[in-house]
Number of protein chains: 2
Amino acid sequence: MANVFVCSGRDEVPRWQEAFAGAVQVGPDQARARVGAGDLAWVMSNLPGWSELVAGLRRQGATLVVMSYLPSSREAFQALDAGARGYVHALSPPELFRQVELVTTHQGIWVPPELLARVVGGTFQALGGEVRLQDDVLAELTERERAVALAVARGESNKEVARRLDITERTVKAHLGAVFRKLGIRDRMQLVLRLSHQSISLADPGQ
Amino acid sequence: MANVFVCSGRDEVPRWQEAFAGAVQVGPDQARARVGAGDLAWVMSNLPGWSELVAGLRRQGATLVVMSYLPSSREAFQALDAGARGYVHALSPPELFRQVELVTTHQGIWVPPELLARVVGGTFQALGGEVRLQDDVLAELTERERAVALAVARGESNKEVARRLDITERTVKAHLGAVFRKLGIRDRMQLVLRLSHQSISLADPGQ
DNA sequence: AAGCCCACTGTCCTGATGGACATAACGCAC
DNA sequence: GTGCGTTATGTCCATCAGGACAGTGGGCTT
């Protein structure tokens with residue numbers, strides 16, 4: 001069973017290589033040629049006609065997972081409807097990729113926890129694991145540190161946070177430094193990645 | 001993490017013991033008492049008020065799987081709606097039980113393949129199906145700009161990107177500047193947010 | 001009272017970031 | 001050939017980010 005990543009050009013996502021040693025990266029056309037029964041194919045949703053590609057590879061006996069840079073519940077439906085067993089953020093950490101592999105190759109379905117609610121049923125309430133994980137991350141922070149962390153995670157600058165919380169920029173830095181230390185990260189970028197992937201965001205615009 | 005089978009009286013399904021050595025078999029009442037966070041609870045759908053039981057145990061932090069003697073897509077829906085992560089035939093072979101365990105404890109969803117199409121399809125239809133949104137933020141970028149944008153979105157610094165793409169840090173800045181201009185954003189943080197989660201609302205509308 | 005955690009602020013300093021000027025090569029279309 | 005877009009690079013500079021030193025004051029526990 002091979003892991004095949006289907007994307008346009010060379011999307012250059014070493015994360016895939018990081019997650020799966022023997023991963024192959026191909027274009028849509030090669031995908032149709034070399035993907036067969038038992039293979040696990042990961043298809044980027046920014047490819048033109050990706051859903052048809054997914055359906056096609058599905059008929060060839062492959063297991064499909066759709067990756068997206070902008071996950072939405074709607075696209076998730078489309079993916080599952082086309083025959084995909086999984087739908088995941090393209091920038092997910094390697095461990096998550098392996099988890100998705102595990103689930104999908106065992107007849108399971110995998111969709112991001114934050115989209116789960118919308119994918120199955122209208123009132124589906126399965127906001128489990130990841131959300132709790134998120135709580136734990138924020139739990140070790142103090143009130144102020146959490147406020148600063150969240151503001152920063154929304155893309156605000158130190159100055160903006162300072163204005164919002166009505167404190168000095170220096171104080172923002174102090175809290176932020178504590179956040180970095182406690183979470184074991186080095187800068188705000190890591191923070192956004194940490195907070196936005198397994199996110200609290202039950203928000204998904206979804207439209 | 002314990003496997004707990006919830007059923008009325010003594011349903012006597014040795015298959016469960018066969019699948020999981022340390023499996024416990026209890027009634028609905030004991031279930032509420034002893035099932036906690038991290039446990040995997042298997043609930044029979046012939047119990048009166050099983051969906052409320054599922055929802056309750058879900059709130060207690062358990063992972064839920066509903067078992068049925070007469071699986072139907074309607075009941076599957078009900079199960080998932082109540083917060084179950086899995087829905088299987090009660091008389092499935094031990095290997096299948098273990099597979100379901102594997103999937104559901106890894107944030108996956110498991111429903112019988114023959115019901116899959118109807119469960120997912122039905123949901124999809126209900127939401128108005130075919131809609132084309134998110135014509136890629138990345139589409140308007142050139143090859144190199146996209147590569148830089150993606151690397152930055154993974155949290156890499158300009159220097160790291162430069163090394164990775166084997167170009168000068170100055171060039172990275174140039175591409176990045178173009179990305180910012182084209183996407184109408186001001187810094188790398190906005191970029192991560194665009195690519196990571198779109199318009200997250202990490203709570204706090206900001207007093 | 002002494003110790004600790006939290007919120008807040010200060011200065012100094014290094015390195016990263018992004019914009020505003022440029023220049024120059026290449027390929028492609030008109 | 002003349003333009004245009006893409007890639008690549010350069011210098012200069014204002015700002016931002018984050019760490020390394022600080023310090024004060026309040027509240028809580030022992």
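Both backbone and side-chain heavy atoms feed into the values below; hydrogens, waters and symmetry mates do not. Because the structure is predicted, anything quoted here is derived from the model rather than measured. Proteins get letters first, then strands, A, B, ... in listed order; numbering begins at 1 in each.
- Taking the 5' to 3' direction, DNA chain D first and last meets chain B under 4.0 angstrom from a heavy atom at D:dT6 to D:dT11.
- Residues forming a salt bridge (charged side-chain N to carboxylate O under 4.0 Å, His left out) with A:K159 (at least two apart in sequence, or on another chain): none.
- Annotation: the span from B:M67 atom CE to B:F5 atom CZ amounts to 5.5 Å, rounded to 0.5 Å.
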Next item on the list: Produce a footprint string for nucleotides 24-30 of chain C: one letter per nucleotide, 5' end first; B if the base is under 4.0 Å from any protein heavy atom, S if only the sugar-phosphate is, - if neither.
Entry: -------
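- B:R58 contributes atom CZ, which lies 6.0 Å from atom OG1 of B:T63 (distance to the nearest 0.5 angstrom).
- Of all heavy-atom pairs between B:E156 and B:R188, the closest is O-NH2, 3.1 Å.
- Comparing the start and finish of the helix from C:dA1-D:dT30 to C:dC30-D:dG1, five pairs each, the helix axis swings through 30°, to the nearest 10 degrees.
- Annotation: the span from B:L57 atom CG to B:W50 atom CH2 amounts to 12.5 Å, rounded to 0.5 Å.
- Side chain of A:N158 to main chain of A:V161: no donor-acceptor pair is present (N/O by atom type, distance under 3.5 Å, no hydrogens or angles).
- Checked against side chain to side chain contact (heavy atoms under 4.5 Å, CB included), B:E52 has no partners two or more places apart in sequence or in another chain.
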Note to self: Treating primed atoms plus P, OP1 and OP2 as sugar-phosphate and everything else as base, which nucleotides of nucleotides 7-19 of chain C get B, S or - for protein heavy atoms under 4.0 Å?
What the structure shows: SSBBB----SBBS
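- In this structure, A:R98 places its CZ atom where more than 12 heavy-atom neighbours from other residues, nucleotides or ligands lie under 6.0 Å away.
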Next item on the list: Would you check, one step at a time, whether the test ring-ring contact (aromatic ring centres under 6.0 Å, His included) holds for B:F97 with B:W110?
Entry: CA-CA 11 Å; B:F97 273 119; B:W110 207 100; 9.7 Å; no
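- Taking every heavy atom of both residues into account, A:C7 and A:M44 meet most closely at CB-CG, 3.6 Å.
- Classification of A:E169 and A:R163 as a salt-bridged pair fails, no side-chain N sitting under 4.0 Å from a carboxylate O.
- Each of A:N3, A:V4, A:L40 was compared with A:F20 under the side chain to side chain contact (heavy atoms under 4.5 Å, CB included) criterion, and only A:N3 meets it.
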